[in-house]
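Keep in mind it's a predicted model, so treat the numbers as computed, not measured.
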Amino acid sequence: MKIRSIALAAAAVAASSAFAAPINVDAPSTVRIYMSGASAVRAALGSVVLNDVCGGFANSSATVYNATYDAAAGFKTLTNFWAVTCKLPAPKLGLAAGTDVAFFKSDAGGSAQGVFPVYFGTARPFAEVTACTTGSGQAFSGCPSTRTAVPTLGMSDVEPAMFKGFNVPSDPLDADDDNYPADGLSAAQINALQVTPVIQTVFGVAVNTNLYNDMFTKQGLSAVKDNAGVACSVASTDEQCIPSIGKAEARTFFSGNAEDWKLISSNAAKNATQVNICRRVNGSGTQAAANLMFGDAPCGSSNTPPAAWDASSSAAPDDMSASANTTLGNLTVSDYLIANMGGAANGPMPVGSKFVFEGPGTGDVVSCMNQAQKADGYAIGHISKENAPGSNSWKHVRLEGAVPNGTNAKQGRYDYLFESTIQYNKSAYAALTSAQQSFITGFTAEIAKPSALNTLSSANKAGVLALPTSYKGAFGTGTAAEIAFGSRVNRGGNSCSPLAAVK
């Protein structure tokens with residue numbers, strides 16, 4: 001959870017004066033919900049709150065902070081700290097129409113921050129929506145992360161029991177992390193949480209554009225035709241045309257055992273350039289899913305640990321948080337990546353070295369991919385499928401020949417798929433207002449529904465599925481939303497279990 005020297009650097013840039021918010025977020029009658037945790041599904045989460053709960057921007061009181069939304073691109077967060085507020089346009093989640101709700105989300109540090117702070121009751125930073133610096137109407141940005149609160153709700157890409165060993169946060173600048181048990185929560189502590197599987201998240205191996213194009217060449221895909229009989233190109237989106245990486249190859253890179261790019265590229269001019277691994281921090285659910293998929297950790301008897309920042313051989317300081325007390329100060333993610341990928345905004349990429357970047361949020365992994373492209377090098381990492389490249393310089397590749405998409409995943413043809421859970425502390429829940437309790441129990445049930453996922457934009461729909469238990473009837477039947485999102489496979493609430501078809 002490396003946020004102290006990155007995201008919280010913005011905390012000092014608070015606006016000099018507040019603006020007139022559409023609702024009073026701090027009024028006693030406002031239902032305030034603070035959620036910390038998973039960043040992989042941040043777009044889906046934000047879209048459900050905005051569109052399904054608040055009725056979308058057609059509701060004039062619906063407002064987003066440090067985020068944007070449009071029908072084509074969907075919900076996009078601008079920082080690791082964002083919020084959605086509105087006056088409910090209709091009864092929802094057990095609350096009356098006209099109820100003011102304010103939903104705050106902290107993505108920083110990832111899924112473990114939706115587990116440990118929820119159990120221990122430790123305060124986390126959130127967006128201060130009364131001090132935004134830019135925006136008007138229904139979208140504001142530049143909101144500093146100076147609001148602090150104990151999370152009332154947590155979300156994680158995998159269940160709480162998975163956060164043990166190197167899945168536990170370990171930020172040397174965050175005193176709270178030092179209090180988190182290295183072996184994770186005990187069975188009794190987990191039992192003190194109400195843990196509910198809600199959706200399935202599709203993950204994928206991502207590479208920057210340079211590497212994607214050279215993998216395409218190495219695999220001879222220009223000689224392949226797509227399903228329409230047209231010759232493949234690097235711009236093709238047909239399944240037959242997308243480069244593939246094997247699990248053994250991916251494991252070699254993600255464990256830090258690849259010294260060059262020869263395994264997956266035949267470009268002699270780039271194969272000796274720095275091996276850049278764009279991963280998430282310890283405690284990220286995306287990283288926990290990757291650790292299980294490629295290292296069998298923490299489930300197997302012989303785990304393969306992922307490469308960490310201290311495996312880097314680059315000249316610049318390697319761990320942004322650890323070195324913030326010495327030479328880096330409040331170095332931004334962008335400056336840090338530039339320093340480790342050539343020392344200039346556009347390279348050149350170092351040769352014969354290795355750089356492992358641990359990003360606080362998914363957006364930081366995207367930044368790592370983009371900088372590798374600017375420096376004319378290669379990068380590989382983990383990005384969930386609900387994230388589309390857009391104008392960024394990366395793409396998902398096939399894994400063992402299977403395209404990471406909902407169609408393959410829900411049928412059991414792609415297994416880089418895990419069940420996301422929502423949890424709250426049972427004792428803390430009992431002390432909340434009845435309105436907060438209604439929101440929490442109602443929202444937990446709502447986000448699991450195929451109908452709620454159907455309110456997402458096409459971009460945000462790509463990486464989430466509804467659990468087999470969320471819809472009645474056989475797989476591939478029911479409403480249009482149930483057919484589109486209903487999965488036939490699950491792990492039964494245990495990420496260590498293999499996927500099994502249950503419908």
Side-chain angles (χ1 to χ4, degrees), residues 6-7 39-44 46-47 66-80 82 107-108 110 141 201-216 233-237 241-243 245 253 270 273-274 276-281 284 286-287 290 332-338 340-342 344-347 349 355 357-399 403-405 456-464:
I6 305 171
S39 75
V41 292
R42 66 198 190 284
S47 286
N66 287 345
T68 62
Y69 181 82
D70 64 69
F75 192 93
K76 290 189 175 181
T77 61
L78 304 177
T79 76
N80 286 325
W82 53 272
D107 296 337
S141 58
T201 303
V202 183
F203 295 95
V205 175
V207 299
N208 73 318
T209 306
N210 277 343
L211 182 53
Y212 185 95
N213 293 347
D214 289 339
M215 288 176 67
F216 180 94
S233 72
V234 293
S236 301
T237 57
C241 304
I242 298 172
I245 190 169
F253 283 98
K270 285 191 171 66
T273 58
Q274 178 169 281
N276 297 296
I277 302 167
C278 304
R279 53 159 284 185
R280 295 287 307 286
V281 294
S284 153
T286 297
Q287 190 60 44
T332 66
V333 169
S334 177
D335 288 341
Y336 180 66
L337 291 171
I338 289 170
N340 281 276
M341 292 184 180
N346 294 302
M349 182 65 67
F355 173 50
F357 171 69
E358 299 183 27
T362 299
D364 302 304
V365 174
V366 171
S367 295
C368 180
M369 294 281 178
N370 289 341
Q371 184 56 38
Q373 186 70 19
K374 290 178 182 177
D376 199 28
Y378 290 155
I380 187 170
H382 310 284
I383 300 177
S384 61
K385 188 59 184 178
E386 76 153 344
N387 296 277
S391 60
N392 293 296
S393 301
W394 64 272
K395 294 181 180 179
H396 285 110
V397 294
R398 288 187 287 172
L399 181 60
V403 170
N405 60 30
L456 309 185
S457 71
S458 57
N460 296 155
K461 289 176 179 178
V464 292

Determine the minimum heavy-atom distance between [X] and [Y], stating which atoms define it.
X      : Y      : result
Asn340 : Gln274 : O-NE2, 2.8 Å
Val403 : Ile242 : CG2-CD1, 4.1 Å
Ser457 : Gly74  : OG-CA, 3.0 Å
Met369 : Ile380 : CE-C, 3.6 Å
Gln373 : Asn208 : OE1-ND2, 2.9 Å
Leu456 : Lys461 : O-CE, 2.8 Å

Side-chain donor/acceptor of [X] to backbone N/O of [Y], under 3.5 Å:
X      : Y      : result
Asn370 : Asn392 : no
Asn66  : Ser141 : no
Asn210 : Tyr378 : no
Glu386 : Ala44  : yes

Could you measure the distance from the [atom1] atom of [X] to the [atom2] atom of [Y]? Nearest 0.5 Å is fine.
X      : Y      : atom1 : atom2 : answer
Lys374 : Met341 : NZ    : CE    : 11.0 Å
Ile338 : Gln371 : CD1   : CD    : 5.0 Å
Cys241 : Arg398 : SG    : CZ    : 8.5 Å

Q: Look at the rings of His396 and Trp394 and say which category their plane angle falls in: under 30° parallel, 30 to 60° tilted, over 60° perpendicular.
A: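 Because their plane-to-plane angle is over 60°, the rings of His396 and Trp394 count as perpendicular.
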Are any of the side-chain heavy atoms of [X] and [Y] separated by less than 4.5 Å?
X      : Y      : answer
Asn276 : Phe357 : no
Pro404 : Leu399 : no
Arg42  : Phe75  : no

Q) Step by step, would you call Arg279 with Val365 a side-chain contact (heavy atoms from CB on, under 4.5 Å)? A) CA-CA 6 Å; Arg279 53 159 284 185; Val365 174; over 6 Å; no
Q: In sequence, state the C-alpha distance, the side-chain angles, and the governing distance for Val202 and Val464, and then conclude on side-chain contact (heavy atoms from CB on, under 4.5 Å).
A: CA-CA 6 Å; Val202 183; Val464 292; over 6 Å; no
(Q) Let's go through Phe203 and Ile383 carefully: what are the C-alpha distance in whole Å and the side-chain angles of both, what is the deciding distance for side-chain contact (heavy atoms from CB on, under 4.5 Å) to 0.1 Å, and is it a yes or a no? (A) CA-CA 6 Å; Phe203 295 95; Ile383 300 177; over 6 Å; no
Q) Going by an N to O cut-off under 4.0 Å, is there a salt bridge joining Asp376 and Lys270? A)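 Salt bridge between Asp376 and Lys270, a charged N being under 4.0 Å from a carboxylate O: yes.
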**Q.** Listed partners of His382 passing ring-ring contact (aromatic ring centres under 6.0 Å, His included), at least two apart
**A.**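 Partners of His382 under the ring-ring contact (aromatic ring centres under 6.0 Å, His included) test: Phe254, Phe294.
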Q: Ignoring hydrogens and angles, state whether a donor on the side chain of Asn387 or Ser384 is under 3.5 Å from an acceptor on the partner side chain.
A: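 Side chains of Asn387 and Ser384: pair found under 3.5 Å.
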Q | Donor on one side chain, acceptor on other, Ser39 and Arg280, under 3.5 Å | A |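 Result is yes, a qualifying pair exists.
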